[in-house]
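What follows is a single structure, written as structure tokens, with notes after it.
Chain naming here is simple, since letters A, B, ... match the order of the sequence lines and numbering starts at 1 in each.
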2 protein chains.
Amino acid sequence: MRISTRGEYGLRAMLVLAENYNKGPYPLREIAKLEQISEQYLEQLFRKLRKSQLVVSYRGARGGYVLARDPADISVNQVLTALEGPLAPMQCVAENIKDEKCKHRGNCSARVVWEKLKDAINKILDETTLADLIANATEE
Amino acid sequence: MRISTRGEYGLRAMLVLAENYNKGPYPLREIAKLEQISEQYLEQLFRKLRKSQLVVSYRGARGGYVLARDPADISVNQVLTALEGPLAPMQCVAENIKDEKCKHRGNCSARVVWEKLKDAINKILDETTLADLIANATEE
DNA sequence: ATAATCCCGAGTAAAAGAGTATGTTTTGGC
DNA sequence: GCCAAAACATACTCTTTTACTCGGGATTAT
């Protein structure tokens with residue numbers, strides 16, 4: 001039940017952009033150096049973030065990435081979902097297929113706990129924004 | 001962020017034992033047939049469950065497994081942890097190494113959300129027992 | 001004795017994870 | 001106009017994990 005490095009690196013990179021919000025395009029190379037992440041790997045991750053419209057890119061010299069909107073309007077859930085897919089502990093509760101029952105015996109009493117887990121996870125991640133996280137950081 | 005088939009199958013198998021609590025040893029072969037799971041794979045899982053003292057085994061003909069204690073005293077967290085290891089979204093918050101800080105820049109403001117996630121996950125799974133799940137199932 | 005059962009170590013094929021490699025395209029600045 | 005800095009893109013590779021399988025051995029009720 002781990003988040004992969006995609007989510008881990010991607011979130012850290014987004015926090016860098018959040019800290020530099022409204023200061024013009026920020027190049028991946030800088031993020032990579034700061035966070036000690038492979039630049040090419042970051043590029044892969046940012047393709048997904050861009051397609052999910054969480055960042056906007058500027059090409060060419062002096063180019064880079066900026067957050068698509070205010071850090072307070074980007075949740076951790078949006079970032080992780082873009083990078084990792086739906087955050088659910090089990091396939092059967094990942095999509096909105098509440099109608100389809102599990103094929104298992106009875107109808108799978110285990111599913112109840114997977115639903116609860118999914119809801120708890122998504123609640124936390126929806127409630128937490130990039131702004132929340134960088135606010136915490138500066139408090140010390 | 002998925003639970004593997006170890007946790008999935010293991011929990012379903014434990015629910016079968018919970019439903020048959022106090023009825024004597026229940027053989028893996030039966031569980032495997034009921035739940036459509038490979039018997040040899042289940043054996044591997046039950047080795048872990050036994051070592052975590054969640055089940056007791058009886059060898060020989062008419063042998064099988066029984067829950068080590070009442071279904072109301074076995075949490076889903078205990079089952080999943082035995083099979084999957086500590087349930088944490090990130091290595092850095094998995095063990096009790098709160099003292100050790102992340103090596104990342106600043107000190108990793110992302111960690112806050114990982115801690116919250118971990119706590120939420122463990123709370124749900126601690127609160128839910130095998131008895132809770134089978135109670136739900138019989139309600140329909 | 002035999003069949004049913006748990007017990008155990010090792011092996012293996014497929015998938016996912018974590019990147020690399022090798023470019024092309026765009027654009028600001030000189 | 002040229003150049004360097006950047007994003008964009010596809011494909012490849014290596015490692016680890018997952019999800020099992022294989023082939024046996026040890027116990028025990030009947």
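- Put simply, the side chain of W114(A) reaches to within 4.5 Å of the side chain of L11(B), judged on heavy atoms.
- Atoms OG and CG, on S57(A) and L49(A) in that order, are 11.5 Å from each other to the nearest 0.5 Å.
- Under 3.5 Å, the side chains of S4(A) and E84(A) contain a donor-acceptor pair of N or O atoms.
- The side chain of Y65(A) places an N or O atom within less than 4.0 Å of a non-bridging phosphate oxygen (OP1 or OP2) of dC8(D).
- Pairs of residues two or more places apart, or lying in two chains, that qualify as ring pair (Phe, Tyr, Trp, His ring centres under 6.0 Å) and include a residue from residues 59-85 of chain A are F46(A)-Y65(A).
- Toward the 5′ end of DNA chain C lies the nearest nucleotide of L28(B), the other residue of the pair E39(A) and L28(B) mapping further downstream.
- A 6.0 Å sphere centred on CZ of R69(B) holds more than 12 heavy atoms belonging to other residues, nucleotides or ligands.
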- Mark up nucleotides 24-30 of chain D, 5' to 3', with B wherever a protein heavy atom is under 4.0 angstrom from a base atom, S wherever such an atom reaches only the sugar-phosphate, and - elsewhere. -BBBBB-

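- Side-chain contact between I121(B) and L125(B) is present, with at least one heavy-atom pair separated by less than 4.5 Å.
- Side-chain atoms of Y21(B) come within 3.5 Å of backbone N or O of D70(B) as a donor-acceptor pair.
- With a cutoff of under 4.0 Å to any heavy atom of chain A, the contacted region of DNA chain C is bounded 5' to 3' by dG17(C) to dG28(C).
- A side chain to side chain donor-acceptor pair (under 3.5 Å) check over residues 22-44 of chain B, counting only residues at least two apart or in different chains, returns the pairs R105(A)-E35(B), T5(B)-Y41(B), R12(B)-E35(B).
- Within residues 1-17 of chain A, the residues having any heavy atom under 4.0 Å from DNA chain C are, by residue number, S4(A), T5(A), R6(A), Y9(A).
- Taking CG of L83(B) as the reference point, atom CE of M14(B) lies at 8.0 Å (rounded to 0.5 Å).
- In terms of heavy-atom proximity, R111(A) sits nearest to C92(A) at NH2-O, 3.3 Å.
- Non-hydrogen atoms lying under 4.0 Å from DNA chain C are contributed by Q44(B), R47(B), R50(B), all within residues 44-51 of chain B.
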